[in-house]
Amino acid sequence: VVELEGGLAAVAQEWFGFTPQPEEGLQVDIGDGLDRVLFKKEREDEKAEIEKWDAIIVDVDNADVSLGVSCPAPAFLTPDFLEACRTRLTDDGGILIINIAARSAEWLGGAMGAVEKVFVDGEVHEARPTEQDVNRVVFALKTPRAASACKMSLGLQAEKWLEECFPGIKKIDPLGLCEMPILKRA
């Protein structure tokens, strides 16, 4: 987890039971997520290997309200950022999850198109609570799932993944993400 605001880690722990588990690969770094994903650490240390991650979750507020977009900030949908995410994801099961909240159909279409262009060799899925909701959760898989996995809904797969990542947490999906209809993008 890379969090820009240092105090949010404490809020997540107090209110949601979030506990970093470094031995399991779940740690919290305070800093800029763009820098972290865009290889800043690797550029500063030429000997550093590119870290690979199983999942990248982007849920970033956009401070510029004039765009009609609550999240993410436009920098998190650039080709450079999305390509860096794809590079960082593990080849076997790597997934990018982005929360997109936009009132502009044009902006939303551009955001979805940008993700689909970079993840053309994988799968892109979309979930939203209701047809009227401006929030979308986009799931971009680096590689297509095996035929056997395709028989299981992505929501059920997400629920199993959350249970594996956060064992012992009673309510692992407080937003009801696993219960939303998830549609594969064409």
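Remember, predicted model here, so these are calculated numbers, not experimental data.
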Margin query: Working note: Leu38 + Thr78, criterion side chain to side chain contact (heavy atoms under 4.5 Å, CB included); need CA distance, chi angles, decisive distance, verdict.
Written below: CA-CA 11 Å; Leu38 290 171; Thr78 63; over 6 Å; no
Next item on the list: Hey, could you give me the CG/CG distance between Asp121 and Leu141, rounded to the nearest 0.5 Å?
Entry: 12.5 Å
Note to self: Tell me whether Arg88 contacts the main-chain N or O of Glu51 through its side chain, where contact means a donor paired with an acceptor under 3.5 Å.
What the structure shows: yes
Item checked: Spacing of CE belonging to Met112 relative to CD1 belonging to Ile100, to within rounding of 0.5 Å -> 6.0 Å
Next item on the list: Can you spot which of Ile95, Thr143, Leu89 makes a side chain to side chain contact (heavy atoms under 4.5 Å, CB included) with Phe119?
Entry: Leu89
Checklist line | Short side-chain to backbone donor-acceptor contact, Lys52 and Thr87, under 3.5 Å | finding: yes
Next item on the list: In sequence, state the C-alpha distance, the side-chain angles, and the governing distance for Phe81 and Val118, and then conclude on side chain to side chain contact (heavy atoms under 4.5 Å, CB included).
Entry: CA-CA 10 Å; Phe81 179 79; Val118 171; over 6 Å; no
Notebook entry, point to check: Looking only at heavy atoms, what is the nearest atom pair of Pro72 and Asn99, with distance?
Noted result: CD-O, 3.4 Å
Next item on the list: Give, for atom SG of Cys71 and atom CD1 of Ile98, the distance between the pair rounded to the nearest 0.5 Å.
Entry: 10.0 Å
Item checked: Heavy-atom side-chain contact between Val58 and Leu77 under 4.5 Å -> no
Checklist line | With Asp92 via side chain to side chain donor-acceptor pair (under 3.5 Å) - residues at least two apart | finding: none
Check: Shortest non-hydrogen contact from Val124 to Val138?
Finding: CG1-CG1, 3.9 Å
Notebook entry, point to check: Okay, side chain of Lys142, backbone of Gly94: is any donor-acceptor separation there less than 3.5 Å?
Noted result: no
Checklist line | Residue pair Trp53, Val37: steps toward the side chain to side chain contact (heavy atoms under 4.5 Å, CB included) verdict | finding: CA-CA 10 Å; Trp53 303 323; Val37 171; 4.0 Å; yes
Notebook entry, point to check: What's the spacing between Leu96 CG and Ile56 CD1 if we round to 0.5 Å?
Noted result: 6.0 Å
